[in-house]
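For ligands, and for the atoms within them, numbers begin at 1 and follow the listed sequence. Since the model is a prediction, treat every value here as computed from it, not as a measurement. Side chains included, hydrogens not; waters and symmetry mates left out as well; all remaining heavy atoms used.
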Amino acid sequence: MKTRPGTTHGRPESDRISTMKKKLKPLTQRPAWKALAAHYQSIKKLHLRKLFADDPKRGERLTASTSGLFLDYSKNRITDKTLQLLVKLANESGLRARIDAMFSGEKINITENRAVLHVALRAPKNAPIIVDGKNVVPDVHAVLTKLSGFAQRVRSGEWKGFTGKRIKNIVNVGIGGSDLGPVMAYEALRHYSDRSLTFRFVSNVDGIDFVEATQDLDPAETLFIISSKTFTTLETMTNADSARAWLLKGLGGDVKAVAKHFVAVSTNAEKVSAFGIDTANMFGFWDWVGGRYSMDSAIGLSTMLAIGPDNFHALLAGFHEMDEHFRTTPFEKNLPVLLGLLTIWNTDFLGAETVAVLPYEQYLKRFPAYLQQLTMESNGKHVTLDGKKVNYQTGPVYWGEPGTNGQHSFYQLIHQGTRLIPCDFIAFGQALTPLGRHHDILMANVFAQAEALAFGKTAQEVKAEGTAAALVPHRVFEGNRPSNTILARKLTPEVLGKLVALYEHSVFTQGIIWNIDSFDQWGVELGKVLAQRIVPELESPACPPLKHDSSTNHLIHHYRNLKGNL
Ligand code: G6Q
């Protein structure tokens, strides 16, 4: 990887980015966008049945792969011309320069004036990346070394609790980016985890989350990881306080116990120390790691404890491989770019409002929830980088469930409803624990679903089956429903890294074309402030004068009444 300094030709990054922005035409005025709009009119009636019939090799041609990850995108409603125009749009949107800007540590998160460098978290030691004149890669590796040492001490039993007992339970306390990655990775890589350790994840400020996570645990054997970039998040700090009280109550009240049962993952040493955690037991990261891009930073401590440092490094290597593929591969063969461009096509031209993510792998059961944050917090934006309201749709709604369960519930709407729902099917060649015929049956379902969505069943075909005339319309499947299929040999730590990076960079690609800041989250910040204002109005013995709208005032009174505090 080439070193590119954080400032270019002595100019601050903000200048450079605004210069870059000025060169770009607004999205809907770019020639490729206009050409795509016209092209859409000419192909909107084309059916996947015809596209496949006219090109027997389509299913082999419209595929791409990199280091064991295979993408079949042939079942999208596209022609070769669509692809050419989408790639042209990427070029007209300056995607290549923006990829380089991200990888070289430029402050592309302009509303927070921050670099966006999750790629540095998995960069090899000898690949310098400079932010504000400093190579950040050695710091990344220093934290990784510290994490590995700690993980080894806990996993080997060398790290003891306050009473001298070995740690058997690990509870990650965090929310949003400090929870969803750790939970997803733990579930995804459970096959590789140390089964003598119990892992729990507490995120919701609803006390039940904490109560249920700890009710069967022995405090003497329990380690809490308080994961919070800011160490100020209300939910996490409330749960952390309850965890400390629970621990002290269980261990006789000596505050010295905290040091043996609490570690922190944060960027805020001051707050960590104020909470009572020794900063020697704090694992740091940096403001250039966004919460939803942090599962491979120290936020992944629970993952490393579960699967061990070697597997964690394999996960990082997988991320890095996809990073390099994204950074260096021509757009026509670039998996994240293709996935991102197809999402633009489906969202802005075909009018799809959502994307269903359907992993046919039980271990990926939390992957859709993880992707919801990654995609929607990143691209749920309504203004461009220069603050102008967009006149096109941005980030679609992501949702999903593991197959085959979804087939027995919401797939009905995908097959026969009135909305267009592009699907990403994710599946593997091998089960991690083969069991009789299960895996072939599982895979038969993936292929059958994608096939049925694309090709459907015509009235003629339904009639030919001897269906009563009145039932024919009900049993027709229009087809022409787009999907991608992503395949890999089996779910390993490395493959998980590649898969997550694939979506990270697909989100990046979309954000660049939409010309939005995919790396801020002002909507989340708002939520953090709003509740704080109302808490005292609920807790004070006498209700203070309320100055909200009449509905909120009334609801607060009603709540106080219900809880018996009026
Ligand atoms: C992620 C968001 C958000 C964040 C949580 C937790 O990109 O910023 O989900 O991760 O609000 O924040 P802390 O880690 O600071 O507690």
Side-chain angles (χ1 to χ4, degrees), residues 102 108-121 143 171-185 201-206 209-210 224-244 262-275 277 282-303 366 368-381 395 398 500-501 503-505 507-508 510-511 516-532:
M102 172 170 74
I108 61 167
N109 173 359
I110 58 160
T111 73
E112 295 182 322
N113 193 29
R114 284 177 180 166
V116 174
L117 268 183
H118 39 280
V119 293
L121 298 170
V143 172
V171 183
N172 186 74
V173 177
I175 197 164
S178 301
D179 167 68
L180 286 159
V183 183
M184 183 279 287
F201 298 85
V202 175
S203 53
N204 198 335
V205 75
D206 183 337
D209 204 13
F210 180 82
F224 289 96
I225 305 172
I226 310 300
S227 296
S228 175
K229 182 171 165 180
T230 54
F231 231 73
T232 56
T233 305
L234 180 62
E235 291 92 332
T236 301
M237 297 332 293
T238 307
N239 278 319
D241 284 341
S242 297
R244 187 170 46 188
F262 279 79
V263 296
V265 179
S266 186
T267 56
N268 192 339
E270 211 177 298
K271 296 268 183 208
V272 167
S273 178
F275 180 84
I277 297 177
M282 167 180 156
F283 303 91
F285 57 118
W286 306 272
D287 73 356
W288 40 260
V289 184
R292 56 195 173 276
Y293 296 88
S294 68
M295 61 168 277
D296 47 343
S297 71
I299 289 289
L301 175 57
S302 56
T303 314
R366 296 288 292 173
Y370 174 78
L371 278 191
Q372 281 185 330
Q373 185 194 25
L374 179 68
T375 58
M376 296 202 272
E377 206 168 272
S378 297
N379 285 342
K381 309 290 162 64
Y398 276 74
V500 174
Y503 278 96
E504 285 178 349
H505 299 320
V507 163
F508 178 89
Q510 294 160 39
I516 55 180
D517 190 331
S518 300
F519 301 102
D520 60 13
Q521 55 283 310
W522 298 105
V524 179
E525 310 304 333
L526 173 73
K528 289 187 179 186
V529 177
L530 288 183
Q532 295 277 20

Q: Can you list the residues that meet the side chain to side chain donor-acceptor pair (under 3.5 Å) rule with Q521, with sequence neighbours excluded?
A: E112, R292, E525
Q: Is the charged tip of R244 near the ring of F224: under 6.0 Å from the six-membered ring centre and within 45° of its axis?
A: no
Q: For F283 and A298, work out which heavy atoms get closest and say how close.
A: CB-CB, 3.7 Å
Q: Not counting sequence neighbours, which residues clear side chain to side chain donor-acceptor pair (under 3.5 Å) with Y293? List them please.
A: S378
Q: Tell me the side-chain hydrogen bond (donor to acceptor under 3.5 Å, both in side chains) pairs involving residues 262-274, sequence neighbours left out?
A: none
Q: Can any side-chain N or O of D517 pair as donor or acceptor with the backbone N or O of I110 at less than 3.5 Å?
A: yes
Q: Applying a heavy-atom distance cut-off of 4.0 Å, which protein residues contact ligand 1?
A: I175, G176, G177, S178, S228, K229, T230, T233, G291, R292, Q373, E377, Q521, V524, K528
